[in-house]
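Everything below concerns the one structure shown next.
Labels below follow one simple rule: chain letters A, B, ... track the order of the sequence lines, proteins then strands, and each chain is numbered from 1.
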2 protein chains.
Amino acid sequence: MGATKTEHFTDRQNAIAILIKALAHPARVAIVEYLMKVNTCICGDIVNELPLSQPTVSQHLKELKTAGLIKGTIEGNAICYCLDEKSISKLEDYFANISTRLEKKKNCC
Amino acid sequence: MGATKTEHFTDRQNAIAILIKALAHPARVAIVEYLMKVNTCICGDIVNELPLSQPTVSQHLKELKTAGLIKGTIEGNAICYCLDEKSISKLEDYFANISTRLEKKKNCC
DNA sequence: ATTCTTTATCGTAATATTGCAATATAATAA
DNA sequence: TTATTATATTGCAATATTACGATAAAGAAT
């Protein structure tokens, strides 16, 4: 054992879990918050912003990109990163939907 | 190495990452969605709803509870579970905030 | 008191994640 | 061409997560 039993869950559940998982690490939260904070795309200084080695940051960026949370386009010698609004919206909608449904509910706990 | 370097990130970043991580698994997504779907608290049939063994489900429930996403109160012989609206709201607000800020931004990617 | 039911914990195997040094790749600058 | 700079990949050690059988704990039912 040890591996997640994805085959037992719906595609939708697996997909949202993957998207959520991409942000389930403080380094990746920090990257997303940095990209949000600055007012343009960032071409090339993300490594310097984080207290981790260049290979580690590169790996986190790759995970965020694979999950679709950020976009990166090659800009000459550097890479230009920014957030992908669509996937952020997906997460927002997901939790907003749960919240809305909860308000209509009677909880006993 | 192998352990997350939490000491390098802010408390806020670590806290949101922990909350997000609690949902970064399809089984826990399924539990939360089940608790959202049914119209009352659920006292005792969560194990039967999931395609995983009882110890595994118990472990996932514990993680959700530790993170504050669900509440569980002892109800005689069973345990009565429901979602904790506050932590769901926290997630909703977090992503809504990012979305709002992104709209005001000029992206070049 | 004994049994049944429900949930938790322990122990452990399988797998995944995190982090970095070393190295590779690729565009730019000299 | 030969650096230099920016990013990616490889390989690996440390740690964490996932899953479940076995067992424990605790209240309910008999």
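Between the CD atom of A:E7 and the P atom of D:dT18 there is a distance of 15 Å, rounded to whole Å. To the nearest angstrom, C1' of C:dT9 lies 14 Å from NZ of B:K65. For the pair A:R28 CZ and C:dT17 P, the computed distance is 9 Å after rounding to whole Å.
Considering all non-hydrogen atoms of both residues, A:K37 and B:R101 come closest at CA-NH1, 4.3 Å.
With D:dA6, C:dT7, D:dT18 as the candidates, the nucleotide lying closest to the side chain of B:Y81 is C:dT7. Here C:dA16 is the nucleotide among C:dG19, C:dA16, D:dT18 with the atom lying nearest to any side-chain atom of A:A3. Among the nucleotides C:dT7, C:dA16, D:dC20, the one closest to any side-chain atom of B:L52 is D:dC20.
No side-chain heavy atom of B:I42 sits less than 4.5 Å from a side-chain heavy atom of B:C80. Within the 4.5 Å cutoff, the side chain of A:L69 has no heavy atoms near those of the A:L83 side chain. Here the side chains of B:K65 and B:K71 are not in contact, with every heavy-atom distance at 4.5 Å or above.
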Close N or O pairs between protein and nucleotides 26-30 of chain D (under 3.5 Å):
none

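Between A:A27 and B:I79, the one whose closest nucleotide on DNA chain C sits nearer the 5' end is B:I79. Comparing A:K5 and A:V47 by the nucleotide of DNA chain D that holds the closest heavy atom to each, the one mapping nearer the 5' end is A:V47.
Rounded to 10 degrees, the angle between the two end axes of the helix from C:dA1-D:dT30 to C:dA30-D:dT1 is 10°, with five pairs used at each end.
Using a 4.0 Å cut-off between charged nitrogen and carboxylate oxygen, A:E33 and B:R12 count as a salt-bridge pair.
Looking at residues 55-63 of chain A, you'll see A:P55, A:S58, A:K62 sit with a heavy atom under 4.0 Å from some atom of DNA chain D. Contacts between residues 16-26 of chain A and DNA chain C, defined by a heavy-atom separation under 4.0 Å, are made by A:K21, A:H25.
One distance of note links CG of B:D84 with CG of A:L102; it measures 9.5 Å at 0.5 Å rounding.
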CA sep, side-chain torsions, deciding dist, call: B:F95, A:L23, side chain to side chain contact (heavy atoms under 4.5 Å, CB included): CA-CA 11 Å; B:F95 293 112; A:L23 264 178; 3.5 Å; yes
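Within 6.0 Å of CG in A:N48 there are more than 12 heavy atoms belonging to other residues, nucleotides or ligands.
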Donor-acceptor pairs under 3.5 angstrom involving side-chain atoms of residues 51-58 of chain B: please list them, not counting sequence neighbours.
unit_1, atom_1, unit_2, atom_2, d
B:S53, OG, B:T56, N, 3.4
B:S53, OG, B:T56, OG1, 2.9

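B:F9 and A:H25 have perpendicular rings, their planes meeting at more than 60° on a 0 to 90° scale where under 30° would count as parallel.
B:L91 and B:I18 are assigned to two separate hydrophobic clusters, defined by single-linkage of ILVMFWY side chains at heavy-atom distances under 4.5 Å.
The closest side-chain donor-acceptor pair between B:Y34 and B:D45 falls under 3.5 angstrom.
In terms of the salt bridge (charged side-chain N to carboxylate O under 4.0 Å, His left out) criterion, residue partners of B:E63 (sequence neighbours excluded) are, by chain and number, B:R28.
A donor-acceptor contact under 3.5 Å links the side chain of B:Q54 to the base of C:dA8.
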